[in-house]
There are 2 protein chains.
Amino acid sequence: MLNRDYPSQYCPVASTLEVVGERWTLLIIRDVFLGIRRFDDLQRDLGVARNILQARLERLVEEGILVKRPYQERPVRNEYRLTEKGADLWPVLVALLQWGDRYGLEGERPMILQHRGCGGELDDRRRCVACGADVTVTEAIAVRTGARRPQTVAEPVSA
Amino acid sequence: MLNRDYPSQYCPVASTLEVVGERWTLLIIRDVFLGIRRFDDLQRDLGVARNILQARLERLVEEGILVKRPYQERPVRNEYRLTEKGADLWPVLVALLQWGDRYGLEGERPMILQHRGCGGELDDRRRCVACGADVTVTEAIAVRTGARRPQTVAEPVSA
DNA sequence: CGGAGTCGGTTGCTTTATACAACTTTCTTG
DNA sequence: CAAGAAAGTTGTATAAAGCAACCGACTCCG
């Protein structure tokens, strides 16, 4: 995008999109939610160009959505973690996920959100359908089903 | 963006972003939710380039999120309306709006969501804080407060 | 009847972001 | 001491977004 912001708009939707609306940004955040926290792991998982990934991570750190912190010294190796501000984007990701489940992938569901422990799925208001609780980020887990892209023929895991 | 899709991803979040993740798209949908339905009105409100607006609207119609229908013949003038599929993006917009309210505009809230009739605001699960009901798209109204961008000095409406 | 205005686009050119691949630095392991 | 991993950085190319001007169909005004 030419400018990442929307100068004619004074709107909370626009202001959020100015921060997380660029290509790849929300997928990076999704990956961090899933526990993918290192540069190379993110790059491999997303297939994004490394310079773009670098630019996005730097921006997200500047915005206070991620923090960069070393998980080892010598050599310094960093990982990216969500701040509270970043974790508060969870409802956005859940809303995108649920719309994608309904309209995106022809009934396939590669990922399912569950209430930790209880195991119930989440409804569109992030409540557990089993126990009825309001589920927060920390109480939810994302379970990857085995679902793959339909046109890709499933192969036995080999060599 | 070079490609609008994310070929390495088989994920409902990514599949949703392939459809609505391009620059301007979600703001166009927000405007249609607010009742701005005509090409020129959208263009004026958003300040988006006309060719981009045209491309986005065409894509959204192809995707079944908007429908184009004439509101008059001779000359044919069209407006864009949300389909059910489009209206189901409401939770995404609400989530973006609420994050923006919390983190985006320094406490200013240019727009407030209320439960129609009851007048209560919506919580982060789209429930009415006054009566407790689960609020759906059709039961909600967006109220624009007078809030403006702080650095813009408020002027009397003139000429 | 002629000119201005409106709506909904389309076209051409410029600017900017994204993609891709190769390279770098620092340190670890065999 | 060579190979490899992690985390970037750099350079070049291509595609998308921005901008302004134009267009066709019709209406309204004088």
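So you know, we letter chains A, B, ... as the sequences are listed, proteins then strands, and number each from 1.
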When you get a sec, tell me which of D:dC19, D:dT9, D:dG24 is the closest nucleotide to the side chain of B:Asn51?
-> D:dC19
With a distance cut-off below 6.0 Å to the six-membered ring centre and an angular limit of 45° from the axis, does A:Arg50 pair with A:Phe39 as a cation-pi contact?
-> no
Of the nucleotides C:dT18, C:dG9, D:dG8, which has the atom closest to the A:Glu22 side chain?
-> C:dT18
When the distance from CD of B:Gln54 to P of D:dA17 is rounded to whole Å, what number comes out?
-> 14 Å
May I have the distance from A:Leu57 (atom CG) to D:dA7 (atom P), rounded to whole angstrom?
-> 10 Å
What integer distance in Å separates A:Ile52:CD1 from D:dT10:C1'?
-> 13 Å
State whether A:Tyr71 places a side-chain N or O below 4.0 Å from either non-bridging phosphate oxygen (OP1 or OP2) of D:dA7.
-> yes
From B:Asp45 atom CG to B:Asp40 atom CG, the distance as rounded to the nearest 0.5 Å = 12.0 Å
Would you kindly give the CD-to-P distance between B:Gln72 and D:dT27, to the nearest whole Å?
-> 8 Å
Can you tell me how far C1' of D:dA17 sits from CZ of B:Arg23, to the nearest Å?
-> 8 Å
Salt bridge between B:Glu79 and B:Arg69, side-chain N to carboxylate O under 4.0 Å?
-> yes
Contact residues, residues 24-49 of chain A to DNA chain C [heavy atom, < 4.0 Å] | A:Trp24, A:Ala49
Rounded to the nearest Å, what distance is computed from the CD atom of residue B:Glu79 to the P atom of nucleotide C:dG9?
-> 12 Å
Just by distance, with hydrogens left out, do A:Gln9 and B:Arg30 show a side-chain donor and acceptor under 3.5 Å apart?
-> yes
N/O (side chain, B:Arg50) to phosphate O (OP1/OP2, D:dA21) under 4.0 Å = no
Short side-chain N/O contact to D:dA6 OP1/OP2 from A:Tyr80, under 4.0 Å | no
Distance under 6.0 Å and angle within 45° of the ring axis: does A:Arg38 meet both against A:Tyr80?
-> no
How long is the line joining CG of A:Leu53 and P of C:dA19, in whole Å?
-> 11 Å
Salt-bridge contact A:Asp134-A:Arg125 (side-chain N to carboxylate O under 4.0 Å) = no
Could you state the atom-to-atom distance from CZ of A:Arg77 to P of D:dG8 in whole Å?
-> 9 Å
Count the heavy atoms of every other residue, nucleotide or ligand shown that sit under 6.0 Å from CD of A:Glu84, and state whether that count exceeds 12.
-> no
